[in-house]
Amino acid sequence: MANELTIKDLHISVQGNPIIKGLNLSVQQGEIHALMGPNGSGKSTLAKGLMGHPLYEVDSGEVIFDGVDVLELEPNERAKLGLFLAFQYPTAIPGVSLANFLRLAVSAVRGKEANGSEKDGLIPMREFRRELREKMQQLGVDDSFARRYLNDGFSGGELKRAEILQLAMLEPKIAILDETDSGLDIDAVRIVGESVSQLIGPDLGVLIITHYPRLLDYIRPQFVHILLDGRVVESGGWELTQVLEAEGYDPIREKHGIDE
Amino acid sequence: METSEKNAMEELGISKDYQYGFHDDIKPTFKSRKGLDESVINQMCDIKGEPDWMRQYRLEAYKIFRQKPMTRWGGDLSQLDFDDIYYYVKASDRSERSWDDVPDDIKKTFDRLGIPEAERKFLAGVGAQYDSEVVYHNIVEELDKIGVVFLDTDTAIKEYPDLVKKYFGTIIPSADNQFAALNSAVWSGGSFVYVPPGVKVEYPLQAYFRINSENMGQFERTLIIADEGSQVHYVEGCTAPTFSSESLHSAVVEIVCMKGSRVRYTTIQNWANNVYNLVTKRAFAYEDAQMEWVDGNLGSKLTMKYPSVYMMEPGARGDILSIAFASKGQHQDAGAKVYHCAPHTTSQITSKSISKDGGRSSYRGWVDVAKGAKGCKSHVVCDALILDKHSRSDTYPVIEIGENDTNIEHEARVSKIGEEQLFYLMSRGLSEEEASTMIVNGFIEPLVKELPMEYAVEMNRLIQLQMEGSVG
Ligand SMILES: Nc1ncnc2c1ncn2[C@@H]1O[C@H](COP(=O)(O)OP(=O)(O)O)[C@@H](O)[C@H]1O
Ligand SMILES: [Mg+2]
């Protein structure tokens, strides 16, 4: 049965400033949603809050997934539950190779039982290598990526592709992509867009966060939401992106009486 | 221990190492009384059957030791009581220890480190010497063919008296410092290595294999001579905790890198928490020679260690890569010294330290450029990682430049484990402890990747062990 991530009346503040103010949203496995909003509207705040960043404080509201109260969980437990966040600005971890990190992450998310008889609880090296190589080929990622230090000295495009590679390896149920298209040239957006669309299927629900709909040319969302003033103020289908493209956010602000 | 193994060992006359811990269970064949005076030294020379020049050398050094005031810089040595130490213990030829006598927590540590069975027994001072002895003999046979000498220093004095006498104490004279004087007076064990001109030793020489009754002693004395154009990598220590009932360990390591030679000396030490580890390490690098120190320090109560390179002739190069992990009750006072005594010499110092649970790490560095040594380059990088607010890190760099035409860079950074880094890793499924361990392992990666494979693996596991229970 498809699981649903349900967000009810969520309030998140950062250093005492309320940013998300009563947000409602549901994303099911197999569905593709787009969340659009101008710069500074709180998109990343929502994404990090959903993943459990300690700096982003949930003041009230509910987040339920698979019948579990997500807000009670540590970030790593959320990952194990099947949530994934592709970061807008991925952090560099110098000295740690992407492959070493991913082996630990994949093993943690899949759980000890799934990793067979290995006494260290890690997925067997050979199996992991094969899978990693397969996914890297599928996504057109260079072999050398595996040995490079995680996000250290990566170009903008490499950062985003490394995020997508992790998404592919961790096989989450719900993935939040925070501006995975930002800062990329047109070719890079195409590569990332095509990579993500390869991963889409009945088991993956996606929330694409963006303030510019370029990525959506490659991954057609079924649902589009507009975030303004910390809330989802409009929800609809593809046509909403067209309206935004033509008129921008101002008419919507006006309609809902929101100051810039 | 298996009876057959024991008999085999007895037949071979293979002896035990007293200082791998569990001292109480062993019967030393000779133990000097506590404290030090000339009679203890004379007695030691008699038992060892040493030549007269060495006896004189020791007695001279003893005088210097007595004249030197107590070292007042570096770490706190006020609790060190020179009269409460055994300066010479000759291990017994056999012992009644067995694997069953090894305390559980130590077995568990070995387990966690994933140390192979044979090595474990060796580390615990039971069994495996036999295997190691065989390995050592094979290595020595191989080395013999290419003219390389690899012996414990006591034996070297007897077998290569002229060679030893020519260099012993020339790099680090007894008068150099208080602990060099002490070591010169009471040293035992350590390695002697000679590599003939043009010979490149292809595998690391590991002290680990050089099993001998006085291996890895309290006052080791190591001398390595790399003749012109030769190459050698020497590795000492092990990552498993080294259990010792003796609280003072003071080694001296002297290295001569002749023209065009290349020497790398790798140390990983993880002493028990009661140990003062006060080491003097120095290399002279002549024309176009390259000396590299790779030095990892964990454990101990206080470590004071500043490997140094004197670049004596043009084209010489000195690289020092060190890492210190200071945990609860520990002070790692480590660093590096480079002396550019000739023009066009180059040095690189990379120092990384981690402080945790109230541990303290200090970097003490010295860069010296002699007058007239034009065109020298030196690059120093000090990175400190502090894991909690109880812990401490200091940097004491000294730069003495007698020459304008030089290029010296010094960078120092102190960092904490970033919240963003932790969150990133945790959001991918890692627990907080796994995430911090991964960040720390990444921090020391520049050192670890220089280690021989098996040491690198153990080093990472050791960090994991050190990090356990540190968060949450
Ligand atoms: N770590 C932070 N520290 C301080 N303020 C923050 C932090 N993260 C977000 N904010 C504030 O929250 C608001 C929303 O930011 P953000 O969620 O990054 O917007 P978006 O992702 O939509 O561009 C902004 O006013 C921003 O300054
Ligand atoms: Mg953002």
Side-chain angles (χ1 to χ4, degrees), chain A residues 47-56 73-98 100-111 119-122 147 149-152 159 162-163 165-167 169-172 175-176 178, chain B residues 108 111-116 321 323 350 352-354 381 383-385 411 413 415-451 453 456-461 463-465 467-468 471-472:
Chain A
K48 290 186 194 170
L50 288 176
M51 213 60 215
H53 194 300
L55 210 70
Y56 296 75
L73 304 177
E74 292 290 320
N76 56 322
E77 294 165 330
R78 298 184 197 202
K80 287 177 192 170
L81 196 63
L83 300 184
F84 180 89
L85 168 61
F87 284 66
Q88 182 174 4
Y89 304 110
T91 312
I93 317 285
V96 175
S97 75
L98 181 71
N100 273 348
F101 153 69
L102 254 181
R103 184 167 174 229
L104 199 61
V106 167
S107 307
V109 163
R110 291 186 193 166
K119 64 175 185 302
D120 52 9
L122 293 178
R147 290 186 304 273
Y149 294 154
L150 186 55
N151 302 332
D152 197 20
L159 284 174
E163 293 291 286
L165 176 63
Q166 293 178 50
L167 165 58
M169 289 297 290
L170 293 171
E171 300 174 324
I176 305 164
D178 190 1
Chain B
K108 224 158 76 189
D111 224 24
R112 300 300 311 274
L113 286 168
I115 293 171
L321 184 57
I323 185 128
T350 310
K352 298 212 162 219
S353 71
I354 300 152
V381 181
D383 271 345
L385 187 63
E411 301 165 39
R413 280 186 293 266
S415 48
K416 298 190 173 111
I417 288 188
E419 197 168 40
E420 292 303 322
Q421 289 184 320
L422 272 183
F423 175 63
Y424 184 84
L425 295 178
M426 287 180 75
S427 81
R428 300 286 143 92
L430 274 59
S431 68
E432 190 173 351
E433 189 170 293
E434 287 169 333
S436 338
T437 302
M438 183 158 266
I439 294 165
V440 171
N441 271 326
F443 178 76
I444 62 162
E445 168 68 13
L447 175 123
V448 171
K449 74 167 191 261
E450 296 300 326
L451 298 176
M453 187 42 189
V457 171
E458 282 183 22
M459 188 73 185
N460 285 131
R461 286 211 193 92
I463 294 291
Q464 195 173 331
L465 212 64
M467 292 296 292
E468 258 168 37
V471 289

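Letters go in sequence order (proteins before strands), and every chain restarts at 1.
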Between A:Arg78 (side chain) and B:Gly429 (backbone), is there a donor-acceptor pair under 3.5 Å?
-> no

Please report the C-alpha distance between B:Glu420 and A:His53 in whole Å, then the side-chain angles of each, then the deciding distance to 0.1 Å, and finally whether the side-chain hydrogen bond (donor to acceptor under 3.5 Å, both in side chains) criterion is met.
-> CA-CA 9 Å; B:Glu420 292 303 322; A:His53 194 300; 2.9 Å; yes

Sort B:Tyr424 into side chain, backbone, both or neither according to what part of it lies under 4.5 angstrom from a heavy atom of chain A.
-> both

For the atom pair CG (A:Leu85) and CZ (B:Arg428), what is the distance rounded to the nearest 0.5 Å?
-> 6.5 Å

Toward chain B, the part of A:Phe84 with a non-hydrogen atom under 4.5 Å = side chain

Measuring heavy-atom distances to chain B, does A:Leu102 have an atom under 4.5 Å in its side chain, in its backbone, in both, or in neither?
-> neither

Heavy-atom pair with the smallest gap, counting every atom of A:Pro54 and B:Glu419 = CG-OE2, 3.6 Å

Most contact-rich option vs chain B, by heavy-atom pairs under 4.5 angstrom, among A:Thr91, A:Leu104, A:Leu55, is A:Thr91

Closest non-hydrogen atom pair, B:Phe423 against A:Lys48 | CZ-O, 4.0 Å

With a 4.5 angstrom heavy-atom cut-off, could you sort out which part of A:Pro90 is near chain B: side chain, backbone, both or neither?
-> both

Taking the side chain as every heavy atom from C-beta outward, state whether B:Gln421 and A:Pro94 have any pair of such atoms under 4.5 Å apart.
-> yes

Do B:Leu425 and A:Val96 have side chains that get closer than 4.5 Å, going by heavy atoms?
-> no

Side chain, backbone, both or neither: which part of A:Tyr149 has an atom under 4.5 Å from a heavy atom of chain B?
-> side chain

Nearest-0.5 Å distance, CD of residue B:Glu434 to OG of residue A:Ser107 | 9.0 Å

Checked A:Val109, A:Leu83, A:Ile93 vs chain B; the most non-hydrogen pairs under 4.5 Å come from A:Ile93

Tell me, side chain or backbone of A:Leu170 under 4.5 Å from chain B's heavy atoms, or both, or neither?
-> side chain

Please walk me through it: do B:Asn441 and A:Asn100 pass side chain to side chain contact (heavy atoms under 4.5 Å, CB included)?
-> CA-CA 11 Å; B:Asn441 271 326; A:Asn100 273 348; over 6 Å; no

Contacting moiety of A:Asp152, where chain B heavy atoms sit under 4.5 Å | neither

Note: B:Ser427 and A:Phe87 closest approach over all heavy atoms is OG-CE1, 3.4 Å

